[in-house]
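Take a look at the structure below.
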Amino acid sequence: MYATAGWENFFVAEVGASAALLGLLFVAVSISLAKVLAYPHLPGRAAEALVELFGVLLVATCGLVPGQAPPTFGFEIIAIGALTWITPLALQLRGPRQPDARPWWMINRVIMTQLSSLPMLVAGISLVAERGGGLYWLVPGVAFSFATAIFGGWVLLVEIHR
């Protein structure tokens with residue numbers, strides 16, 4: 001629970017999945033860049049999706065470092081979790097609003113990014129403290145990160161063409 005032994009397959013799978021999705025999303029945004037830039041709220045949406053996937057990629061990569069002490073890995077997770085928490089939140093608070101969006105849509109975006117990053121922060125803190133669930137907190141964080149990125153990708157690839 002507080003050591004990475006036994007988590008290697010999880011980290012390998014998450015590195016592969018997040019890298020593949022990150023690459024696909026980056027290409028998709030590049031292909032639709034003119035459309036994304038035509039809507040003031042979409043560049044922030046694209047950045048949120050990219051940041052969430054990049055956070056998973058970094059955490060999983062750090063988890064594969066051999067011989068790393070659990071507190072060290074915990075501090076790495078805390079740093080990455082903080083970045084994946086602060087960046088989307090800043091984008092959401094400072095970014096332009098979609099003019100015809102319903103309030104629940106923005107609330108959904110905020111909740112999804114919070115559910116992506118906060119479990120990672122808890123995992124890091126728990127790993128350092130060696131209590132409270134440890135690495136098991138990464139599982140919902142990774143799942144919500146993928147969901148957030150997939151929903152964001154859907155908007156960027158499909159909804160902007162409607």
Side-chain angles (χ1 to χ4, degrees), residues 1-4 7 10-26 28-29 36 39-65 68-98 101-156 159:
M1 185 174 341
Y2 304 109
T4 58
W7 286 83
F10 175 79
F11 292 132
V12 167
E14 302 317 317
V15 163
S18 61
L21 288 172
L22 187 61
L24 288 170
L25 186 61
F26 189 81
V29 170
V36 170
Y39 298 93
H41 64 282
L42 287 182
R45 186 76 184 252
E48 287 172 27
L50 291 167
V51 164
E52 294 300 335
L53 289 173
F54 190 58
V56 172
L57 178 64
L58 288 176
V59 167
T61 300
C62 290
L64 291 172
V65 174
Q68 185 169 216
T72 303
F73 184 39
F75 285 119
E76 292 167 353
I77 296 171
I78 291 168
I80 295 163
L83 285 174
T84 62
W85 177 62
I86 292 169
T87 304
L89 191 59
L91 290 167
Q92 292 162 355
L93 293 175
R94 300 172 103 188
R97 302 288 182 256
Q98 185 176 353
R102 294 176 182 92
W104 65 266
W105 188 249
M106 186 61 183
I107 292 168
N108 180 46
R109 251 178 86 189
V110 171
I111 289 171
M112 288 297 289
T113 55
Q114 296 298 303
L115 290 173
S116 301
S117 55
L118 291 178
M120 289 194 189
L121 282 170
V122 173
I125 293 166
S126 177
L127 201 57
V128 170
E130 292 189 352
R131 60 182 58 185
L135 294 174
Y136 288 101
W137 282 101
L138 288 179
V139 177
V142 166
F144 278 107
S145 292
F146 285 156
T148 299
I150 289 168
F151 292 144
W154 177 264
V155 169
L156 296 166
E159 295 299 321

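Counting from 1, the numbers follow the sequence of the chain as shown. FYI, side chains are in, hydrogens and waters are out, and symmetry mates aren't considered; it's all heavy atoms of this structure.
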Gap between atom CG of Leu64 and atom CH2 of Trp7 - 0.5 Å precision
13.0 Å

Criterion side-chain contact (heavy atoms from CB on, under 4.5 Å) on Glu14 and Phe146, from CA distance to verdict
CA-CA 10 Å; Glu14 302 317 317; Phe146 285 156; 3.0 Å; yes

Side-chain heavy-atom pair Val59, Val142 within 4.5 angstrom cut-off
no

Exceeds 12 heavy-atom contacts within 6.0 angstrom, atom CZ of Phe11
yes

Side chains of Ile150 and Trp154: closer than 4.5 Å at any heavy-atom pair?
no

Inspect the surroundings of CZ in Phe26 and state if more than 12 heavy atoms from other residues, nucleotides or ligands are less than 6.0 Å away.
no

For a quick test of reading the model, state the closest non-hydrogen atom pair linking Leu25 to Gly153 and the distance between them.
CD1-CA, 3.8 Å

Pairs where residues 113-127 contributes a residue and the test side chain to side chain donor-acceptor pair (under 3.5 Å) is met, not counting sequence neighbours:
Trp85-Gln114, Gln92-Thr113, Ser116-Thr148

If I compare all heavy atoms of Leu53 with all of Ala149, which pair ends up nearest, and what's the gap?
CG-CB, 3.5 Å

Give the intermediate values and the outcome of side-chain contact (heavy atoms from CB on, under 4.5 Å) for residues Cys62 and Ile80.
CA-CA 10 Å; Cys62 290; Ile80 295 163; 4.1 Å; yes

With Phe73, the side chain to side chain contact (heavy atoms under 4.5 Å, CB included) member among Val128, Leu135, Val65:
Leu135

Can you tell me how far the CG atom of Leu50 sits from the CD atom of Glu52, to the nearest 0.5 Å?
10.5 Å

Do Glu48 and Met112 come within less than 4.5 Å of each other through their side chains, counting heavy atoms only?
no

CG/Leu58 to CD1/Ile77 distance, rounded to the nearest 0.5 angstrom?
11.5 Å

Please give me the minimum heavy-atom distance between Pro43 and Tyr39, naming the atom from each residue.
CD-O, 3.2 Å

How many angstroms lie between CG in Leu118 and OG1 in Thr84, if you round to the nearest 0.5 Å?
8.5 Å

Shortest non-hydrogen pair, Leu22 vs Leu57, comes out as CD2-CD2, 4.0 Å

Quick check against the 3.5 Å criterion: does Trp137 have a side-chain atom that pairs as donor or acceptor with the backbone of Gly132?
yes

Is there side-chain contact between Met120 and Val56, with at least one heavy-atom pair below 4.5 Å?
yes

Can you measure from CZ (Phe75) to CD1 (Ile125) and round to the nearest 0.5 angstrom?
10.0 Å

Rounded distance (nearest 0.5 Å) linking atom CG of Leu83 with atom CG of Leu121
9.5 Å

Does the side chain of Pro70 come within less than 4.5 Å of Thr4's, by heavy atoms?
no

Side chains of Val51 and Pro88, heavy atoms from C-beta outward: is any pair under 4.5 Å?
yes

